[in-house]
Number of protein chains: 2
Amino acid sequence: MQISPAMEDYLMAIYRSQTVAERVSTSQIARRLGVSAASTTAMFKRLAEEALVEYHEYTGASLTAKGEGLAASLVRRHRLAERFLTDVLGIGLDQVDPMADRMEHALPPEVIDRFDSILQEPHTCPHGQPIPDKDGVLPDLHYSPLASLAAGEEATIARLEEGDPELLRYLVEQGLVPGARIRVVEKHPVDDLITLDLGGTSLVVGQRVVAALDVGDVPAPRTPRL
Amino acid sequence: MQISPAMEDYLMAIYRSQTVAERVSTSQIARRLGVSAASTTAMFKRLAEEALVEYHEYTGASLTAKGEGLAASLVRRHRLAERFLTDVLGIGLDQVDPMADRMEHALPPEVIDRFDSILQEPHTCPHGQPIPDKDGVLPDLHYSPLASLAAGEEATIARLEEGDPELLRYLVEQGLVPGARIRVVEKHPVDDLITLDLGGTSLVVGQRVVAALDVGDVPAPRTPRL
DNA sequence: AGTGTATGTTAGTCTGGACTAAAATTATGC
DNA sequence: GCATAATTTTAGTCCAGACTAACATACACT
């Protein structure tokens with residue numbers, strides 16, 4: 001059978017929800033995709049028929065090797081599309097995720113390959129999420145959470161969580177994007193907030209909003225070669 | 001109501017079939033889209049409900065002003081996508097039409113606008129078909145059919161018919177693409193064939209296969225500005 | 001261990017877009 | 001001008017993918 005766009009959406013959602021071969025629940029995926037739990041159950045069954053997931057009633061599903069390979073290539077496609085949108089077309093970081101959601105199902109493999117080489121084989125999307133390589137292997141990026149930094153420490157922003165579009169728009173507006181250099185001014189353990197200095201301006205954010213990278217390997221956009 | 005991808009396909013097909021406000025028949029569109037006549041009838045009705053076409057039973061449909069405007073923007077999107085695929089990604093002329101068919105429904109307006117400016121507002125697709133401008137107005141390109149040339153005359157290829165993928169592949173392989181300079185060696189009126197000289201090699205083609213341009217305005221690919 | 005709440009699944013429905021087969025209409029050939 | 005051919009429309013079906021409402025299971029707490 002053919003893999004439909006809907007099946008691709010579910011596969012990606014499972015891939016992104018599942019940490020090291022854990023089962024993923026119906027409601028988790030339903031929430032992530034904005035879909036009813038009943039629809040998710042139905043799709044879990046279809047995916048199980050295709051041997052893309054292993055599904056056990058009432059206890060969730062996990063990707064098979066086949067499913068994981070496919071999902072990795074779909075995530076790769078999505079993240080390369082995002083990189084292309086920002087780096088080549090100059091579209092804002094806060095706009096590319098929904099655009100890539102729309103576009104990804106329609107991008108032929110040849111186009112993805114061209115994106116990859118034009119962008120010089122990037123290993124992160126513009127938000128800092130890792131891009132699986134052609135064999136589905138994720139680069140390991142050893143980021144530290146912002147919460148792990150002590151007051152006074154400096155770091156380079158490496159990744160933003162993609163969950164909340166509203167929040168993302170705000171962070172981009174404030175300049176808190178991958179590559180930005182920050183310094184921790186103060187930590188507020190009680191309410192889980194943290195005060196940052198960002199090139200002179202000061203900013204208060206949640207400790208889980210961004211991930212910091214404390215080594216020199218900044219995933220900044222490179223100039224595409226054409 | 002929303003315009004679905006299927007509706008877009010039908011609108012484009014009608015737009016491309018209809019010469020100056022003529023009615024277009026059910027079977028014409030069915031053939032073009034590879035779909036049954038019954039499906040086309042059903043869609044004509046849906047489009048009529050949206051005031052995108054004027055539909056009269058048994059005698060066909062024609063685009064309304066609203067439908068024509070929308071169709072023009074869809075054709076624009078398709079042809080700009082093709083130009084992008086050839087000029088920026090370096091994909092072969094004979095492969096881009098089906099790719100653009102897949103991609104077009106998923107390309108947001110912002111992306112189309114970026115394509116347009118990166119490509120420096122091209123007025124033809126890579127096959128030489130005109131690209132409507134933002135107001136839906138087609139550039140008039142005054143090409144002469146190949147059949148109109150006499151033996152000995154020279155011309156620049158301006159357009160290829162997109163109908164037959166197999167034929168298109170062959171022509172591209174032979175180098176008979178927009179921008180190529182040719183000379184008519186001999187005309188065979190009986191079997192409707194014509195012998196061309198193409199930079200030293202000789203080639204026999206049908207008289208309606210390509211359109212020739214006898215002025216200097218060659219729609220060659222330009223270097224994209226980035 | 002039993003019971004209440006969370007979460008999951010089943011059953012039944014809807015919609016868009018395709019199909020085939022049969023009926024209706026228009027076009028064509030003699 | 002009428003019979004037949006071609007085209008178009010209708011009627012009925014199917015499938016994917018969503019939904020809601022009702023039922024089933026699992027988990028958590030006393």
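A note on names: the letters A, B, ... follow the listed sequences, proteins ahead of strands, and every chain is numbered from 1.
In this structure, the ring of Phe84(A) has its center less than 6.0 angstrom from the ring center of Phe84(B).
For dT25(D), there is no paired nucleotide, since no Watson-Crick or G-U wobble pair has both relevant distances below 3.5 Å. Base pairing analysis places dA5(D) opposite dT26(C); the two distances defining the Watson-Crick or G-U wobble pair are each below 3.5 Å.
The distance between atom CZ of Arg23(A) and atom P of dA26(D), rounded to the nearest whole Å, is 12 Å. The CE atom of Met43(B) sits 14 Å away from the P atom of dT9(D) (whole-angstrom rounding). Here dT15(C) presents its P atom at 13 Å from CD of Glu49(B), a figure rounded to the nearest Å. Regarding Met7(B), its CE atom lies at a distance of 14 Å from the C1' atom of dT15(C), rounded to whole Å. If you take CG of Asp9(A) and P of dA16(D), they are 17 Å apart, rounded to a whole angstrom.
Using a cut-off of 4.0 Å between Lys/Arg side-chain N and Asp/Glu carboxylate O, Glu173(B) and Arg169(B) are scored as salt-bridged. Note on Glu57(B) versus Lys45(B): no salt bridge recorded, every NZ/NE/NH1/NH2 to OD/OE distance being 4.0 Å or above.
Between the side chains of Asp97(B) and His127(B), no donor-acceptor pair is found at a separation under 3.5 Å. Looking only at atom types and distance, the side chain of Asp133(B) has no donor-acceptor partner in the side chain of His123(B) under 3.5 Å away.
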Below 3.5 Å is the cut-off: list the nitrogen or oxygen pairs between protein and nucleotides 1-4 of chain D, distance only.
none

Below 3.5 Å is the cut-off: list the nitrogen or oxygen pairs between protein and nucleotides 6-12 of chain C, distance only.
| from | atom 1 | to | atom 2 | distance (Å) |
| --- | --- | --- | --- | --- |
| dG8(C) | OP1 | Ser25(A) | OG | 3.2 |
| dG8(C) | OP2 | Ser27(A) | N | 3.0 |
| dG8(C) | OP2 | Ser27(A) | OG | 2.9 |
| dG8(C) | O3' | Tyr58(A) | N | 3.3 |
| dT9(C) | OP1 | Tyr55(A) | OH | 2.4 |
| dT9(C) | OP1 | Tyr58(A) | N | 2.7 |
| dT9(C) | OP2 | Thr26(A) | OG1 | 2.9 |
| dT9(C) | OP2 | Thr41(A) | OG1 | 2.9 |
| dT9(C) | OP2 | Tyr55(A) | OH | 3.4 |
| dT9(C) | O4' | Tyr58(A) | OH | 3.4 |
| dT10(C) | OP1 | Glu57(A) | OE2 | 3.3 |
| dT10(C) | OP2 | Lys45(A) | NZ | 2.3 |

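Applying the 90° cutoff around 0 to the glycosidic angle, dA6(D) is assigned anti.
Distances shown here put a side-chain N or O of Ser36(A) below 4.0 Å from the OP1 or OP2 atom of dC19(D).
When side chains are defined from C-beta on, Gln129(B) does not count as touching Arg16(B), because their heavy atoms never get closer than 4.5 Å.
Within the model, atoms CG of Leu80(B) and CD of Glu121(B) stand 9.5 Å from one another, a figure rounded to the nearest 0.5 Å.
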Might you work through the side-chain contact (heavy atoms from CB on, under 4.5 Å) test for Val205(B) and Leu193(B), ending with a clear yes or no? CA-CA 6 Å; Val205(B) 297; Leu193(B) 295 176; over 6 Å; no
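Residue pairs that meet the side-chain hydrogen bond (donor to acceptor under 3.5 Å, both in side chains) test with at least one member in residues 67-76 of chain A, sequence neighbours left out, are Arg76(A)-Asp116(A).
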